[in-house]
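This report refers to the structure that appears directly beneath it.
All ligand and atom numbering here is 1-based and tracks the order in the structure.
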Amino acid sequence: MTTIDQAWSALSAHAEALQDVHLRHLFDREPERFQRRRAQVGELFIDCSKHLATEETDALLCDLARAADVEGRRDAMFAGEHINVSEGRAVGHVALRNQTDQPFMIDGTDVMPSVRRELDRMRAFCASIHDGTWTGHSGKKITDVVNIGIGGSDLGPVMVTEALRPFARPDLACHFVSNVDPAHICDTLANLDPETTLFIVASKTFGTLETLTNARVARRWLLDTVGSEEAVARHFVALSTNVERVTQFGIDPDNMFVFWDWVGGRYSLWSAIGLSIALAVGFDRFEALLEGAHEMDEHFRNTPLESNVPIRLGLLDCWYRNCHDMQSIAVLPYDQHLHRLPAYLQQAMMESNGKHVNLHGQRVSQATSPVLWGEPGTNGQHAFHQMLHQGTTRVPCDFIVAMESHTSLGEQHLDLVANCIAQSEAMMRGRTDSEVREELAAMGMAVDQIDAIAPHKVMEGNRPSTTMLYPRLTPHMLGMLIALYEHRIFTAAAVWGIDAFDQWGVELGKSLAVSIRPMLSADESPSDRDASTIGLIELVRQHAH
Ligand code: F6P
């Protein structure tokens with residue numbers, strides 16, 4: 001059995017040997033490359049042929065996965081073990097979308113009955129909002145829903161609600177408030193009617209400053225107009241794991257949808273946190289989202305390493321990060337409705353895998369999470385793609401595109417698809433010096449001019465990408481896509497031996513902000529801080545006087 005160190009050494013040596021191999025040549029040499037390297041899960045096609053990988057790379061990456069016991073870690077998650085070691089918790093988001101009649105055991109209890117009970121409550125609540133049996137305090141039908149939450153209690157619901165806009169109910173508008181910047185809540189409330197607005201306060205802990213601050217503003221706004229405290233019960237629901245804090249805040253526990261500490265914030269859109277999604281597109285479509293994720297879960301759980309798509313993609317992430325020193329990944333959805341996908345995946349990947357110690361608390365020996373960034377195509381093409389094509393840093397890209405539009409402008413949609421395919425081709429092939437010279441000569445350019453301009457037009461190519469292609473962006477397909485990323489992130493974490501399910505790094509900034517806040521209004525200068533922090537606090541205070 002290869003040890004993890006041996007696996008890494010073999011991969012590094014292989015990366016050295018591949019240095020002069022160009023993707024162009026791999027395609028020239030292997031006419032079957034696309035056929036052999038494309039994968040399919042349900043209706044999702046994944047083209048992995050434009051990766052800097054040969055059969056030897058595949059084999060060595062599988063050795064790495066075996067040495068890191070990726071499959072064992074995966075099975076431990078599905079068995080409900082406490083794989084979130086630093087928080088001493090199981091990781092059970094896959095149970096939230098379990099479509100089988102099999103139990104999902106966590107700490108000796110089958111959690112499926114509780115999961116299903118909460119889904120039933122959500123379904124009934126959605127129906128009552130949609131059919132108008134649940135009204136505001138004055139008896140008017142709810143027309144607007146405001147989800148107040150941040151991080152995992154915001155990004156998933158926003159991303160999915162935007163992605164599924166073509167399925168949105170016309171009679172209910174969803175809004176999302178996350179930032180503690182008062183502009184966010186004020187801008188949102190400005191156009192709403194308190195009598196027809198429902199607030200969803202979404203917070204796993206119900207202790208998050210931003211969320212509670214905004215929820216208090218919303219409550220005051222409601223009471224200023226509606227007057228009666230009783231109105232809160234008709235206009236506020238909570239999504240949380242913490243019933244005491246929800247009650248303390250003044251929300252009736254009957255108006256609370258629960259989830260559990262084994263659901264990580266950034267993996268929570270499948271739980272009660274998805275209520276805004278279900279309200280926006282209908283509960284049946286929310287269920288279709290869960291079914292899509294489950295289809296990917298089954299693939300992840302049951303497919304051998306060699307053809308397991310999330311595992312292959314996670315291993316490629318390690319390959320680029322650790323053997324090619326590529327420091328970022330670009331997610332480029334060619335789909336305007338997926339415009340929040342990169343932001344969502346930033347939390348999923350960087351909060352999960354941005355760790356510097358392993359499961360045993362020792363400093364990791366390999367670099368961990370890449371920076372994830374991106375924008376929808378074609379907008380990005382006219383912004384940062386220049387760097388992707390000719391910059392000195394290589395960035396593996398994910399291209400994501402539907403073959404069919406939700407609009408009636410099918411021909412225009414093909415413009416989008418053509419651009420998507422062209423970008424991955426350009427990144428892979430590039431353009432050689434002789435191709436550039438030939439083209440310029442054909443335009444009648446003089447040799448000295450060609451000498452001057454040619455270097456600027458050369459593109460090295462050899463820039464790797466994955467293309468994900470599917471018929472239409474349905475709730476089911478979106479569920480598959482999100483779960484694919486979750487498991488890919490999981491795979492990389494298993495290889496690096498880190499805890500992908502804690503987020504201690506976020507805590508320090510939170511507590512420092514809490515201690516700085518009173519200093520901004522106080523008379524006394526802080527003395528126990530650094531000069532920059534004191535200086536900035538002083539500037540804000542002077543401005544206020
Ligand atoms: O930013 C840290 C974090 O804990 C995230 O992991 C989480 O999604 C977010 O804060 C919100 O937390 P909560 O749902 O408890 O308000």
Side-chain angles (χ1 to χ4, degrees), residues 83-93 96 118 122 146-161 176-181 184-185 199-219 236-251 256-277 340-356 368-369 372 482 485-486 489-490 493 498-514:
I83 61 165
N84 176 357
V85 290
S86 81
E87 294 180 336
R89 287 175 186 165
V91 171
H93 51 278
L96 302 170
E118 219 47 33
M122 287 167 69
V146 181
N147 185 87
I148 301 178
I150 197 164
S153 300
D154 168 72
L155 286 163
V158 182
M159 182 275 284
V160 173
T161 307
F176 294 87
V177 172
S178 54
N179 202 331
V180 77
D181 179 345
H184 204 178
I185 184 100
F199 292 98
I200 299 178
V201 187
S203 175
K204 178 177 171 180
T205 54
F206 230 77
T208 303
L209 176 100
E210 291 92 332
T211 300
L212 295 186
T213 306
N214 282 324
R216 279 187 211 104
V217 174
R219 193 185 147 102
F236 274 80
V237 297
L239 318 175
S240 185
T241 58
N242 195 322
V243 68
E244 287 80 22
R245 285 185 181 165
V246 167
T247 317
Q248 254 170 33
F249 182 84
I251 296 179
M256 172 182 176
F257 298 88
V258 299
F259 58 112
W260 306 272
D261 69 357
W262 42 264
V263 180
R266 53 194 172 274
Y267 299 90
S268 64
L269 72 87
W270 321 101
S271 71
I273 290 292
L275 185 65
S276 54
I277 301 171
R340 293 300 286 162
L341 182 67
Y344 169 77
L345 292 176
Q346 279 176 339
Q347 188 196 19
M349 185 171 281
M350 292 157 75
E351 198 168 85
S352 296
N353 287 354
K355 307 291 161 64
H356 72 302
T368 59
S369 182
L372 187 150
I482 302 169
Y485 275 98
E486 285 179 351
I489 291 163
F490 180 96
I498 56 177
D499 189 337
F501 300 101
D502 62 11
Q503 57 285 316
W504 298 106
V506 187
E507 298 304 321
L508 177 61
K510 281 190 195 171
S511 57
L512 290 179
V514 168

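- From the protein, the heavy atom lying nearest to atom 8 (O) of ligand 1 is Gly152 N, 2.7 Å.
- Looking only at protein heavy atoms, the nearest one to atom 15 (O) of ligand 1 is Thr205 OG1, 2.6 Å.
- Across the listed options Glu351, Gln503, Lys510, Glu351 owns the non-hydrogen atom lying nearest to atom 5 (C) of ligand 1.
- Side chain of Asn214 to backbone of Val201: no donor-acceptor contact under 3.5 angstrom is found.
- For ligand 1, none of its N or O atoms has an N or O atom of Gly265 under 3.5 Å away.
- Using a 4.5 Å cut-off on side-chain heavy atoms (C-beta onward), Ile482 and Val160 make contact.
- Classification of the Tyr267-Phe501 ring pair by plane angle, with boundaries at 30° and 60°, yields tilted.
- Interface atoms of ligand 1 facing Gly151, defined by a heavy-atom separation under 4.0 Å, are 8 (O).
- For the residue pair Arg266 and Ser352, a side-chain donor N or O sits within less than 3.5 Å of a side-chain acceptor on the partner.
- If you number the atoms of ligand 1 from 1 as listed, the ones under 4.0 Å from a heavy atom of Ile150 come out as 9 (C), 11 (C).
- With contacts defined as side-chain heavy-atom distances shorter than 4.5 Å, the pair Val243/Val258 does not qualify.
- Of the polar atoms of Thr211, none of the N or O atoms is found under 3.5 Å from an N or O of ligand 1, judged by distance alone.
- Few gaps surround CZ on Arg89; more than 12 heavy atoms of other groups in view lie less than 6.0 Å from it.
- Near Thr208, meaning under 4.0 Å from any of its heavy atoms, are these atoms of ligand 1: 12 (O), 13 (P), 15 (O), 16 (O).
- Within the 4.0 Å heavy-atom shell around ligand 1 one finds Gln347.
- By the criterion of a heavy-atom distance under 4.0 Å, the side chain of Val506, and not its backbone, is placed next to ligand 1.
- Side-chain polar atoms of Trp270 and Glu486 form a donor-acceptor pair below 3.5 angstrom.
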